[in-house]
Amino acid sequence: MCIRDRANVSQMPFVHHHVAAMPDVHAGIGATVGSVIPTRGAIIPAAVGVDIGCGMNAIRTSLNANDLPESLRQLRNGIEKAIPVGFNMHDHDPVKRSTITPLARGLDAILDRHPGIGKMQKQRPYDVWIRQLASLGGGNHFIELCLDEEDRVWVMLHSGSRGIGNKIGQYFIEKAKEVIAKADVELPDRDLAYLTEGTGLFDDYWHALTWAREYAARNRQEMLDIVLEALARHLPPFELDEAAINCHHNYAAREVHDGTEIYVTRKGAIRAGAGELGIIPGSMGARSYIVRGKGNEKSFCSCAHGAGRRMSRTAARKQFTRDDLVTQTEGVECRKDTGVIDEIPGAYKDIDQVMDNQVDLVETVHTLKQVLCVKG
């Protein structure tokens, strides 16, 4: 399935040179997760996906393993109480409205031109997107405390543009399909419907895409601040190492490669330009990595975004039990109930193998081991 999907994408006439597959590649909609798709003059909205701007944040603290209590349950409960997970959202505005005015204006401009995005939500878009700011979401989104090779404590989290990003993605995927249908263009897969540069719809999508990416980054930063406040209430005083590492892995960007300006869609891949820091997480029972990119042009300066699933959520729920989950997450303070069996480490690829398969793309800077995990 993954090979066929990549072959289908590579047939699109606007693809620049080749499609790159990362070592964590697995099945997705329209394009495989773990694909890097360079294009000229067009973008495939389904290849970007609906969790626009999804990505990672990580920051190292001055704390070490000895500063952590023997039981991390209270700390996990504190984080879960402060940050809504799953479909939940804050019951009030989580930040001062004055600080989100630029984001609000940006969304207003999108909704003015495309009110259909707002109509896709049962509640008013503003009520949803502002209350979902600083919330985790579900699926494979998480918040973790990790220890590095020096037993230093890191905070790491994974989330995206939440419900509003999802609606923006769905809306423009359908618009692209409408455009292709009217033009009577044959595609190898209807999920490869595209928008052409120079059209109003393309410009609107690019604007919305950029907004959702900014919102996702803001969402992660707000959550990171809340987690650090929770740590401060339970742990000794600490300092932070410089700025947080931030990387997206579902997005499109304008970049120059081999002297040509192109659009690069990374669907489940992160940018790994020369010297750029990135985050590659494993499952909640395995290691994660802080990496430095090598700027490999064969991958369009990209690398894997994580371990990648080796089985579907349905298959994982059928194969594994709660006892398996308890065994595979031993030593990690996390949920160990049947509600997260589909996120069991055994459902993911071996992160160490993924890292071995991309030594030409990145070098390891830090190796992290999870000790606490909050799941969506």
Side-chain angles (χ1 to χ4, degrees), residues 12 14 28-31 37 39-55 87 89 93 95 97 99-135 137 159-185 187 189-220 222 248-254 263-267:
M12 303 305 288
F14 46 79
I29 297 175
I37 307 169
T39 57
R40 288 177 294 176
I43 292 178
I44 303 169
V48 176
V50 296
D51 197 0
I52 301 169
C54 187
F87 292 108
M89 63 185 81
D93 292 3
V95 296
R97 293 200 180 201
T99 68
I100 58 168
T101 298
L103 275 176
R105 289 174 178 167
L107 181 59
D108 286 344
I110 294 168
L111 295 180
D112 284 346
R113 290 185 61 84
H114 296 279
I117 296 172
K119 292 178 181 178
M120 295 173 74
Q121 291 184 325
K122 295 180 180 179
Q123 298 166 283
R124 291 194 303 122
Y126 182 88
D127 289 341
V128 174
W129 79 265
I130 184 57
R131 288 170 56 208
Q132 285 188 338
L133 192 62
S135 68
S159 189
S161 53
R162 305 295 288 108
I164 188 62
N166 181 287
K167 299 307 180 187
I168 287 171
Q170 288 185 42
Y171 176 86
F172 282 101
I173 288 171
E174 292 306 313
K175 286 295 179 183
K177 290 178 179 178
E178 291 175 11
V179 169
I180 294 301
K182 289 180 180 178
D184 198 24
V185 176
L187 297 173
D189 183 335
R190 68 188 303 266
D191 285 314
L192 294 180
Y194 56 90
L195 298 174
T196 304
E197 189 176 26
T199 63
L201 200 55
F202 180 97
D203 293 341
D204 290 348
Y205 177 59
W206 186 257
H207 176 59
L209 195 68
T210 302
W211 183 90
R213 183 178 172 184
E214 291 174 354
Y215 176 77
R218 179 64 180 273
N219 181 45
R220 289 193 293 273
E222 294 292 343
H248 301 281
H249 53 234
N250 287 343
Y251 71 107
R254 288 191 184 100
Y263 294 100
V264 178
T265 295
R266 294 186 175 92
K267 184 182 182 75

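Everything numeric in this text was worked out from a predicted model, so none of it was measured. These values consider heavy atoms only, across backbone and side chains, with no hydrogens, waters or symmetry-generated copies.
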Is there side-chain contact between Val48 and Tyr205, with heavy atoms separated by less than 4.5 Å? yes

Run the side-chain contact (heavy atoms from CB on, under 4.5 Å) check on Ile43 and Phe172 step by step: do they pass? CA-CA 11 Å; Ile43 292 178; Phe172 282 101; over 6 Å; no

Flag side-chain contact, heavy atom, 4.5 Å: Leu209 against Tyr251: no

Please answer whether the main-chain N or O of Leu133 pairs with a side-chain N or O of Arg162 as donor and acceptor at a distance below 3.5 Å. no

Is the backbone of Gly53 close enough, under 3.5 Å, to the side chain of His248 for a donor and an acceptor to pair up by distance? yes

Test side-chain contact (heavy atoms from CB on, under 4.5 Å) on Ile44 and Thr39; report intermediate values, then the result. CA-CA 9 Å; Ile44 303 169; Thr39 57; 5.5 Å; no

Can you check side-chain contact (heavy atoms from CB on, under 4.5 Å) on Glu197 and Trp206, steps first, answer last? CA-CA 10 Å; Glu197 189 176 26; Trp206 186 257; over 6 Å; no

Any idea which heavy atoms bring Ala193 and Pro45 closest together, and the distance? O-CD, 3.4 Å

Between Arg218 and Glu222, does at least one N-O distance fall below 4.0 Å, as a salt bridge requires? yes

Nearest heavy-atom contact between Ile100 and Ile130 is CD1-CD1, 2.8 Å

If you round to the nearest 0.5 Å, how far is OH of Tyr171 from CD1 of Ile173? 13.0 Å

Minimum heavy-atom separation for Lys177 and Asp191, please, with both atom names. NZ-OD1, 3.1 Å

Side-chain heavy-atom pair Gln170, Ile117 within 4.5 angstrom cut-off: no

I'd like to know if the side chain of Ser161 reaches the main chain of Ile52, judged simply by a donor and an acceptor atom lying under 3.5 Å from each other, with no hydrogens or angles considered. yes

Output yes when a side-chain donor or acceptor of Tyr215 lies under 3.5 Å from a complementary backbone atom of Trp129, and no otherwise. yes

Before you tell me yes or no, could you show the steps for Tyr194 and Val185 under side-chain contact (heavy atoms from CB on, under 4.5 Å), namely the whole-Å CA-CA distance, both residues' side-chain angles and the distance that decides it to 0.1 Å? CA-CA 10 Å; Tyr194 56 90; Val185 176; 4.1 Å; yes

Does CZ in Arg254 sit with more than 12 non-hydrogen atoms of other residues, nucleotides or ligands closer than 6.0 Å? yes

For Lys119, is there any backbone N or O sitting under 3.5 Å from a side-chain donor or acceptor partner on Lys167? no

Heavy-atom donor-acceptor pair, Asn219 side chain to Ala134 backbone, under 3.5 Å: yes

